[in-house]
Amino acid sequence: MQDPSTLASRSPRAVILIDLDCFYAQCEHVRDPALSTTTPVGIQQKNIIVTANYAARLRGVGKLMLVHDALRACPDLAIRNGEDLTHYRAYSKQIWATLRAHFPAPCAIERLGLDEFFIDVTDAPVHPDSETGQLPGDCHAVGDLAGDDLLAVEALVSASWWAHTARHHILTECGFTTSAGIGPSKLAAKLVSSLHKPNLQTVIAPAMVAVYVAGLPFRAIPGLGSSVRKALREHFPTITDSTTVADLTTLLPTAAAWARIAGARVGPTLAALCRGIDSSLVIDTPTTPTQLSVEDAFASPTPSITDLESRLFTLLQSVLARFDTELGAPAVPKSLRVTIRTRSSGFKRTSASAPVVGGLRWRADENAVLRVARGLLRKLVAGGVGGAVDVGDVNLINVALVHFDVPSSSTAAGAAQPTLLAQWARAGPRAAVLDGGGETTGPVHDRAARARLDLNDIAARIRPDLHDDDDVLVLVEHDDAADRMAILMACPFCAASVAPWSWDVHMVAHDADDNID
DNA sequence: TGGGGTCCT
DNA sequence: AGGACCC
């Protein structure tokens, strides 16, 4: 039997990069077919045109151009606001689903941003149309495919047809034109994908990759960002924007030389990329993201912390709504994070986060979550506990749910979803008083105060990594039938509500599940 | 200069 | 908690 990891790392691979042409602009055209593709369209976020359709590009509108400059270049530019990404996300998801349907496992599909998809077709069948040895009509080639290694060429001709097929499906099923690059690695596919645009594709012969890379301006290397560029310029003052990869290889002939500039991890990787060598694999993009965030930038200073809080609350509603619609019940975030950006410190960001224990039911817990988020904001901004930043200096807020647990589906089905009253508690000896979302009547308050000890205990059992005085979110259920507070933790593995006294037994049951698996 | 994301330290 | 990278 073949070792799957050996199979997966078989080299060279056949990799496709599908790139949606001016994605946001196409989304507007697909959503509104009455919008003619001959009218110039720009997508605006705050003061910037982030994307423009090809009619606008012909008129001199570029990516990330100030709205003012764009309108000066093209006064009749039709502007659509693109600050809300909802529709763009939905189209991206539809396109991903289309690709997945036509490229099932073992083909890996990796998404980059909303508009790029790597597909590994190394282990796909030979494409039926590739048997003549001809490339698809809309496929350009870099280098002489016929002169290259025979097996490698067959794989890339087949891959070119698969790319053609994928693009056809995206066009007919989703309505989007795409460009594509095809090559023996992610690097190769990526670098040639933009050679012929829009609505065209390019394949590169394996023997040409190193030559092709060597002739590019060095900033074209993916992974070589602004930080490395700065370090390079400091070491070699002769470097300019037109310095090529080949020039750089002369200056930095070895991985060790690169390591001195870019560090022991990044340096050797960049040294290889500059020689056209990229062994990285296409990795299936997981269905559950590692984080979910919503942010808003604002130009004019916010007058007071209260105004800042109301912005924060709006963002929170929006991230919670996205959590509901995009991730659904089973996913459980491990922490909540608030980030701000200030003008005075060079647009740097600072953040604060609070762990979440056992999961959150947003509908019921909204007030508690708002209080947590406000506490985090006040940690960051003057007027709060430790904040050193002036309110008016803040020009961006970001709210994020971070690191989701997705419980195994077997036990999640049919789990009870009781009505919950969420409580914001501070674990540890300096615990804050639970205030039941304003319901501080005698009996409930007494029970809550008593309950706090249980909560701390439970928190410690579920997340032993938490420190005693960490802020944590916990859940308290109000048992309507019995008219009393009950502490039920949402199990992070199956989302069932579990009483503290049965927690250990419940966890043992999960251990048994794992052993069966 | 936007509104998102990823992974590493 | 932040940095560097990607779109």
Side-chain angles (χ1 to χ4, degrees), chain A residues 17-24 27 42-52 62-70 80-90 92-93 95-96 110-118 179 186-187 190-191 193-194 219-231 261-267 269-270 273 280 282-286 288-299 315 318-319 322 326 335-341 343 345-355 376 379-380 386 395-404 470:
Chain A
L17 176 66
I18 304 272
D19 186 345
L20 283 115
D21 300 320
C22 52
F23 180 53
Y24 289 1
C27 288
I43 309 303
Q44 179 177 12
Q45 286 174 338
K46 297 300 181 311
N47 292 323
I48 288 187
I49 299 294
V50 290
T51 311
K63 287 180 174 179
L64 298 185
M65 185 180 256
L66 286 173
V67 173
H68 185 258
D69 296 338
R80 295 285 188 277
N81 188 289
E83 287 163 14
D84 181 347
L85 305 186
T86 306
H87 302 102
Y88 307 149
R89 252 183 236 113
S92 180
K93 186 176 177 185
I95 290 159
W96 178 87
E110 179 177 338
R111 202 179 64 156
L112 206 58
L114 294 180
D115 66 340
E116 291 188 4
F117 299 87
F118 284 103
S179 301
K186 289 172 78 176
L187 174 74
K190 168 110 190 163
L191 288 179
S193 68
S194 57
R219 61 184 318 150
I221 298 296
L224 200 163
S226 58
S227 176
V228 171
R229 281 202 299 274
K230 184 171 169 237
I261 306 286
R265 189 181 57 92
V266 172
T269 304
L270 290 176
L273 293 177
S280 67
V282 179
I283 305 293
D284 267 317
T285 296
T288 304
T290 58
Q291 67 175 59
L292 196 67
S293 71
V294 174
E295 69 187 38
D296 188 22
F298 31 96
L315 293 174
S318 144
V319 80
R322 279 188 60 199
E326 295 172 31
S335 67
L336 174 69
R337 184 183 66 207
V338 172
T339 305
I340 60 167
R341 187 184 72 184
R343 294 179 193 76
S345 62
F347 290 80
K348 274 202 189 343
R349 291 167 182 245
T350 39
S351 66
S353 71
L376 292 174
K379 256 188 196 172
L380 300 169
N395 78 337
L396 175 141
I397 303 181
N398 176 300
V399 182
L401 304 175
V402 187
H403 191 71
F404 300 94
D470 279 338

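Sequence lines set the chain letters: A, B, ... in the order given, protein chains first and strands last, and positions in each chain run from 1. The structure presented is a predicted model; accordingly, all values stated were derived computationally and were not measured.
- Looking at which nucleotide of DNA chain B each of A:Asn395 and A:Glu326 is closest to, the 5′-most match is held by A:Asn395.
- Legend: residues meeting ring-ring contact (aromatic ring centres under 6.0 Å, His included) with A:Phe118, ordered by chain and number and at least two apart, are absent.
- Looking at heavy-atom distances under 4.0 Å, A:Arg111 makes no contact with the nucleic acid at all.
- Within the nucleic acid shown, A:Glu83 comes within 4.0 Å of sugar-phosphate atoms alone, with no base atom in reach, counting heavy atoms only.
- Across all strands shown, A:Leu64 has heavy atoms under 4.0 Å from base atoms, whether or not it also approaches the sugar-phosphate.
- Applying the salt bridge (Lys or Arg N to Asp or Glu O under 4.0 Å) criterion to A:Arg219, with sequence neighbours excluded, gives A:Asp241.
- Within 4.0 Å (heavy atoms only), A:Arg337 reaches no atom of the nucleic acid at all.
- Residues meeting the salt bridge (Lys or Arg N to Asp or Glu O under 4.0 Å) test with A:Arg322, sequence neighbours left out: A:Glu326.
- Remark: A:Phe117 engages no residue in a ring-ring contact (aromatic ring centres under 6.0 Å, His included) (not counting sequence neighbours).
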Sugar-phosphate or base contact per nucleotide [nucleotides 2-7 of chain C; S, B, -; heavy atom under 4.0 Å]
S-SSSS
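- The salt bridge (Lys or Arg N to Asp or Glu O under 4.0 Å) check on A:Arg337 picks up nothing, with sequence neighbours excluded.
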With salt bridge (charged side-chain N to carboxylate O under 4.0 Å, His left out) as the criterion, how do A:Asp296 and A:Lys46 come out once you've worked through the C-alpha distance, each side chain's angles and the decisive distance to 0.1 Å?
CA-CA 10 Å; A:Asp296 188 22; A:Lys46 297 300 181 311; 3.0 Å; yes
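- In terms of the salt bridge (Lys or Arg N to Asp or Glu O under 4.0 Å) criterion, A:Arg343 has no residue partners (sequence neighbours excluded).
- Checked against side chain to side chain contact (heavy atoms under 4.5 Å, CB included), A:Ser318 has the following partners two or more places apart in sequence or in another chain: A:Val294.
- When heavy atoms are screened at a 4.0 angstrom cut-off, A:Val294 is found touching the sugar-phosphate backbone but no base atom.
- Chain A approaches DNA chain B over the interval B:dT1 to B:dT9, counting the first and last nucleotide 5' to 3' with an atom under 4.0 Å from its heavy atoms.
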